[in-house]
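Below is one structure; the comments refer to it alone.
None of these values were measured; they are calculated from a predicted model. Every chain is numbered from 1 and lettered A, B, ... according to where its sequence line falls, protein lines coming before strand lines.
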4 protein chains.
Amino acid sequence: MPDKAKVLLDPHFRKMTEIFSAADLERLHATADVVWGRDEPMPAEDARRELSEATAVVCSEWRYGPLPDETPHLRAVISVSGAFPNALDYQACRARGIRVLSAAPAFGRQVAEMALGLALASCREIAAGDAAMRAGDERWLHAGNATTFMLYDQPVGFIGYGALARSLQPLLAPFGVRIRAYDPWLADGFLRRQGVEPVSLTELLEASRFVFVLAAPSSENRALLSRDLLERVRPDAVVVLVSRAHVVDFDALTELVLAGRFRAAIDVFPDEPLAPDHPIRRARGAVLSAHRAGSVREGMWDIGEMVVDDLEAIAAGLPPRRLLAAEPELVGRVVSGQGTKR
Amino acid sequence: MPDKAKVLLDPHFRKMTEIFSAADLERLHATADVVWGRDEPMPAEDARRELSEATAVVCSEWRYGPLPDETPHLRAVISVSGAFPNALDYQACRARGIRVLSAAPAFGRQVAEMALGLALASCREIAAGDAAMRAGDERWLHAGNATTFMLYDQPVGFIGYGALARSLQPLLAPFGVRIRAYDPWLADGFLRRQGVEPVSLTELLEASRFVFVLAAPSSENRALLSRDLLERVRPDAVVVLVSRAHVVDFDALTELVLAGRFRAAIDVFPDEPLAPDHPIRRARGAVLSAHRAGSVREGMWDIGEMVVDDLEAIAAGLPPRRLLAAEPELVGRVVSGQGTKR
Amino acid sequence: MPDKAKVLLDPHFRKMTEIFSAADLERLHATADVVWGRDEPMPAEDARRELSEATAVVCSEWRYGPLPDETPHLRAVISVSGAFPNALDYQACRARGIRVLSAAPAFGRQVAEMALGLALASCREIAAGDAAMRAGDERWLHAGNATTFMLYDQPVGFIGYGALARSLQPLLAPFGVRIRAYDPWLADGFLRRQGVEPVSLTELLEASRFVFVLAAPSSENRALLSRDLLERVRPDAVVVLVSRAHVVDFDALTELVLAGRFRAAIDVFPDEPLAPDHPIRRARGAVLSAHRAGSVREGMWDIGEMVVDDLEAIAAGLPPRRLLAAEPELVGRVVSGQGTKR
Amino acid sequence: MPDKAKVLLDPHFRKMTEIFSAADLERLHATADVVWGRDEPMPAEDARRELSEATAVVCSEWRYGPLPDETPHLRAVISVSGAFPNALDYQACRARGIRVLSAAPAFGRQVAEMALGLALASCREIAAGDAAMRAGDERWLHAGNATTFMLYDQPVGFIGYGALARSLQPLLAPFGVRIRAYDPWLADGFLRRQGVEPVSLTELLEASRFVFVLAAPSSENRALLSRDLLERVRPDAVVVLVSRAHVVDFDALTELVLAGRFRAAIDVFPDEPLAPDHPIRRARGAVLSAHRAGSVREGMWDIGEMVVDDLEAIAAGLPPRRLLAAEPELVGRVVSGQGTKR
């Protein structure tokens with residue numbers, strides 16, 4: 001490794017100041033020689049040329065062609081998005097000891113907070129209640145609580161037990177809820193040790209009053225929540241969708257919520273921006289949010305903090321511990337794209 | 001004490017089924033002979049006649065005139081509201097060993113949950129975001145988060161550290177917040193031991209990004225949050241008002257929120273129902289709720305559970321432990337009335 | 001109340017510096033005019049004379065005869081021991097609005113810590129293992145663990161759910177144990193809400209691998225753990241006795257432990273000091289401690305801190321919240337005496 | 001992968017029933033075809049022959065020579081000890097996508113429990129107190145607590161922040177301690193996010209009243225706690241040594257504890273069994289244990305549970321999540337050997 005690690009920093013589509021606090025940027029420069037480090041995309045040829053000297057690449061997508069034959073110092077490719085780069089040869093990376101890391105964990109706290117906020121907004125009718133106050137047709141006290149319910153002590157289901165679930169779980173703990181989880185990528189024993197009960201998807205949907213959809217999109221879970229399965233949801237339940245619309249039959253979800261079959265709180269949609277006349281916009285049983293769970297300004301600095309922490313570790317010859325490492329079993333099964341948040 | 005305790009049960013203005021689950025009602029009948037036990041108010045003369053045999057009175061207000069000279073079995077007067085009865089001779093009760101209890105603790109969980117939900121709805125702009133989705137003028141992703149912020153790691157202030165605060169504190173714990181508290185009825189040492197930092201009201205307002213107003217109304221705290229003090233609130237803060245409007249200069253609060261000085265989430269108002277043309281209804285920086293934090297249907301059964309638990313204790317010759325006992329130092333300082341929720 | 005509260009401070013048999021840190025003593029003098037405040041017992045006649053002006057009496061026992069007819073300012077009698085004073089007219093106190101308070105809660109943390117330490121010393125054979133190392137007959141690794149077991153995930157029983165139990169419960173929480181509790185002075189509903197399962201004593205003994213005896217001695221629980229009941233203890237269990245030997249048939253306990261029926265960890269004995277030839281001293285299945293759970297030097301300052309916190313509250317016209325208030329239902333049922341620690 | 005995973009199971013020096021509960025063994029057979037599965041060591045030639053068909057090898061050391069050229073199904077080499085195999089070509093494993101896993105995490109809970117038990121036995125003088133009761137020279141109550149202290153609220157130091165530390169941290173949480181940590185293999189940012197304060201070794205030793213030595217032995221940390229550093233330990237501190245004597249200048253430790261400079265609780269020694277005349281055996285300020293922290297019978301089944309959980313994951317094409325994966329940066333720096341427990 002050279003005297004000082006050389007880090008190729010090409011965060012586009014993110015902006016430098018969006019992901020790095022001043023303090024983290026200072027730490028970064030103390031740890032490594034930064035190449036590029038601008039908001040505009042780095043020309044691919046320039047990047048390729050620098051790869052032979054780089055210890056790490058920080059990018060939002062791999063736009064630099066095949067790995068050069070010689071990357072003697074390269075130890076990590078770090079994505080500042082929540083997804084792993086698509087156009088990267090993971091096999092070659094593994095053979096050369098290059099870790100591929102994503103900033104997915106940086107979204108855990110902010111998405112979990114929003115998931116809880118959406119769940120409470122739904123069961124306690126906070127958004128609808130605010131709208132009623134503004135329209136002047138609110139109902140007071142008990143009359144205003146005719147159809148509300150509490151989160152305390154309720155059965156909860158997690159669809160997907162990744163970074164989002166792990167961040168949400170402690171927020172739910174003081175409410176005394178029992179959590180069932182469905183995640184086909186995790187062994188039952190692991191789930192149990194985390195304090196959740198592994199169950200089938202059907203059991204989860206039939207048992208839970210709060211269903212949190214937290215699964216990252218994969219090649220295996222498109223429309224996992226099919227119409228048939230959505231029809232198993234309890235009539236007194238709320239479905240909180242914060243990972244990706246990919247995992248839900250969104251037309252079925254829309255119809256069922258419009259029909260009053262159950263409630264939903266939705267942050268992600270099949271097409272964004274959502275069509276102005278999409279019927280879900282009129283659903284009284286829904287709380288809607290324009291994909292805002294994972295992009296809070298202050299929260300984005302968690303990305304930079306994790307990146308710099310792990311670059312410090314790599315520069316010191318240590319394993320990175322804060323970002324998420326790609327695992328051979330799962331790479332290729334995850335579907336990348338804007339907004340992946342697991 | 002007679003063979004079986006006799007309980008005079010006159011819950012009006014609450015309804016029997018509103019506060020007692022079937023299971024709790026069964027426990028109640030197993031423990032005590034119930035007198036009256038209907039939704040309509042018990043005629044005061046009938047009640048007075050039964051007092052001489054009663055072990056406990058369960059009511060929402062004391063409508064039975066002066067205590068009879070002889071109440072040999074009477075051990076408790078229990079209010080099913082969140083307030084203590086007004087028209088009761090507390091001195092006489094104390095001298096005769098009659099505890100006066102209120103159901104205030106039954107409101108802790110539901111109000112705390114709503115306080116958290118309102119706080120998140122404000123900082124993450126959940127209500128405004130939902131309204132935008134319905135109006136079709138929403139902004140997506142980062143653009144939609146231009147002015148949002150997170151609860152994690154923020155400085156929090158509790159104005160009042162009673163039952164509401166004690167229920168809210170564990171819900172905030174996983175967010176890693178530091179809590180300052182102001183409560184002139186509690187010694188600093190007690191507050192510190194609860195894990196909050198006792199501070200002056202001014203320091204609390206200047207330091208906190210989330211200000212939770214949780215104080216029960218008292219003869220001493222009318223408009224405690226005066227215009228002068230409200231002007232100390234941080235410009236990036238949200239004031240969450242869930243106990244009683246009594247403790248705030250509501251006109252000043254309205255003006256400051258309308259002027260964009262800080263945000264507010266408000267569940268209680270000086271006059272309820274609020275006037276249709278009250279300017280707070282138009283405040284963009286506010287989340288509004290029609291006094292709905294403390295009357296969730298499922299939550300009301302906590303009242304019955306606590307009442308029966310404590311009647312069981314009393315029938316067994318034990319101290320009641322779940323309801324809140326009136327304390328001589330504070331009775332007379334609390335201002336009663338509909339909706340007291342501390 | 002006079003300008004400054006007058007506190008009659010007569011802590012004997014405790015010593016001033018034993019219970020008050022310098023900082024707490026300073027707070028005390030800032031709050032009240034202190035009368036006496038020496039280690040020697042205050043002459044009873046002097047004390048009686050001062051009572052008519054005193055706001056509070058801080059003592060270890062009531063040695064001052066009947067309450068004078070006029071005690072216009074007296075608000076509290078505070079015991080610096082873990083027990084309530086015996087020779088006091090509680091009825092008169094209640095009628096005059098004088099609270100009787102004990103320092104029992106000050107013992108919660110130190111006794112709980114010792115209870116956990118004793119439990120671990122027993123199941124992991126820490127004391128026996130240390131003795132073996134010194135005798136040179138230790139067994140290594142697995143051989144040394146032939147009969148040890150872990151606390152994690154085990155069924156635990158609490159006999160008595162007072163201040164000790166409430167301090168012990170959080171220390172056990174990270175071990176993932178399920179706690180059953182027996183306390184005839186508490187209603188089932190209260191126990192359940194504390195996160196413990198109310199059960200009969202028999203069920204508790206038959207189900208628990210760790211039995212913690214935490215009950216304060218009362219007129220009702222002498223030898224509560226009779227020979228018959230002790231014979232229900234699981235053969236793989238450890239009985240941790242830290243409240244008072246009063247509640248156990250100590251002869252039976254001794255015989256059963258000597259016979260290897262179960263293990264015990266014992267901090268309190270029927271006669272202290274224990275007879276030099278008492279057979280329990282030879283029991284291999286026991287961990288023994290000379291009544292040291294509740295008198296750690298640093299822990300004793302908790303007494304002073306609580307006393308001053310509550311004197312500050314009383315001086316401010318507020319209810320005391322840190323010490324334990326005598327309750328009419330239970331006074332007279334508690335058996336006082338040196339070492340009561342509930 | 002073949003229809004059913006083939007697992008080469010050769011646990012010697014552990015025994016089958018020592019590490020597998022009946023239930024876990026049943027799960028194992030449901031998941032995989034087991035080859036060998038006996039307590040005796042598998043002949044190396046037989047093992048080599050089976051490697052070409054095996055999906056995983058479960059062993060305590062790699063005794064099978066160089067990796068065969070063809071191991072098309074091999075996905076994991078799993079050690080049932082707390083260490084990674086020595087005689088294994090990690091580079092080749094990585095290139096072929098073979099994970100190397102150790103059972104180190106299975107020791108976390110039992111060692112953490114013992115570390116806490118030893119710490120309490122030292123500060124509360126539980127072992128010494130038991131010995132005094134048996135010798136008949138015990139001192140009662142305050143006299144017996146002349147030199148004891150409590151764990152609550154004390155400054156704590158962790159030397160090493162691996163699996164042991166992560167298991168110990170939640171056990172200490174309810175004591176309200178502040179934890180400083182020293183671990184040169186972890187970046188400061190990671191440590192901070194875990195709730196501990198990264199500090200230098202000197203600062204840790206000078207600040208902590210409880211010093212827990214939890215570091216796995218490495219080629220870099222032999223006698224890390226040198227005489228010079230040990231002399232920085234606070235005179236009122238206790239040093240709890242549970243990972244490996246390797247990391248301490250044991251002669252210096254012995255001399256300092258014998259001289260009464262500080263206390264120690266020691267589970268691991270440079271030579272085991274310890275020489276009968278080793279002076280540490282006479283140290284009054286020590287609690288001694290014969291390497292018994294990590295071999296509790298019930299705790300050993302955690303190994304089997306983790307192994308089977310991860311074999312289930314591997315058989316399902318998923319990443320293993322319960323055992324510890326070897327990391328290229330650290331392999332070769334860890335010093336293996338019996339009893340490594342990080």
Side-chain angles (χ1 to χ4, degrees), chain A residues 1 23-24 27-28 31 75-76 90-99 105-106 108-109 161-162 166 183-194 198 220 302 304-333, chain D residues 1 23-24 27-28 31 75-76 90-99 105-106 108-109 161-162 166 183-194 198 220 302 304-333:
Chain A
M1 202 172 293
D24 285 330
R27 282 202 298 145
L28 174 57
T31 298
R75 288 290 161 268
Y90 284 82
Q91 188 105 18
C93 286
R94 191 158 62 252
R96 298 194 199 175
I98 301 168
R99 293 171 195 265
R109 300 207 310 170
Y161 191 80
R166 272 166 265 193
D183 193 323
W185 292 2
L186 294 171
D188 286 0
F190 174 80
L191 289 171
R192 261 185 228 105
R193 193 55 87 165
Q194 308 307 309
E220 300 154 16
D302 285 359
E305 183 188 295
M306 291 184 180
V307 167
V308 180
D309 280 352
D310 275 358
L311 287 173
E312 284 182 352
I314 289 164
L318 299 174
R321 299 253 190 229
R322 298 208 60 201
L323 297 159
L324 180 68
E327 288 169 305
E329 292 88 347
L330 301 180
V331 156
R333 295 165 77 175
Chain D
M1 201 174 294
D24 285 330
R27 282 201 297 144
L28 174 56
T31 298
R75 289 289 162 268
Y90 284 82
Q91 188 103 21
C93 286
R94 192 160 61 252
R96 298 194 199 173
I98 302 167
R99 294 170 194 267
R109 300 207 310 170
Y161 190 82
R166 270 166 268 192
D183 193 322
W185 290 2
L186 293 171
D188 285 1
F190 174 79
L191 289 171
R192 259 184 231 108
R193 192 54 88 168
Q194 308 307 310
E220 300 154 15
D302 285 357
E305 183 189 295
M306 290 183 183
V307 167
V308 180
D309 280 351
D310 276 358
L311 286 174
E312 285 182 351
I314 289 164
L318 299 174
R321 300 251 190 229
R322 299 208 60 201
L323 298 159
L324 180 68
E327 288 169 305
E329 292 88 346
L330 301 179
V331 157
R333 296 165 78 174

_With a 4.5 angstrom heavy-atom cut-off, is it the side chain or the backbone of D302(A) that approaches chain D, or both, or neither?_
side chain
*In terms of heavy-atom proximity below 4.5 Å to chain A, should R99(D) be classed as side chain, backbone, both, or neither?*
side chain
*Separation between CG of L318(A) and CG of L330(D), rounded to the nearest 0.5 Å*: 6.5 Å
*Once you round to the nearest 0.5 Å, how far does CZ of F190(D) lie from CD of E312(A)?*
14.0 Å
*With a 4.5 angstrom heavy-atom cut-off, could you sort out which part of R193(D) is near chain A: side chain, backbone, both or neither?*
side chain
*Passes side-chain contact (heavy atoms from CB on, under 4.5 Å), E305(A) versus R192(D)? Steps please.*
CA-CA 11 Å; E305(A) 183 188 295; R192(D) 259 184 231 108; over 6 Å; no
*Locate the shortest heavy-atom distance separating G317(A) from E329(D); write the atom from each residue and the value.*
O-CB, 3.2 Å
*Considering only heavy atoms and a distance below 4.5 Å, find which of A187(A), G97(A), P319(A), A95(A) pairs most often with chain D.*
P319(A)
_Under the rule for side-chain contact (heavy atoms from CB on, under 4.5 Å), what residues qualify as partners of P184(D), not counting sequence neighbours?_
Y182(D)
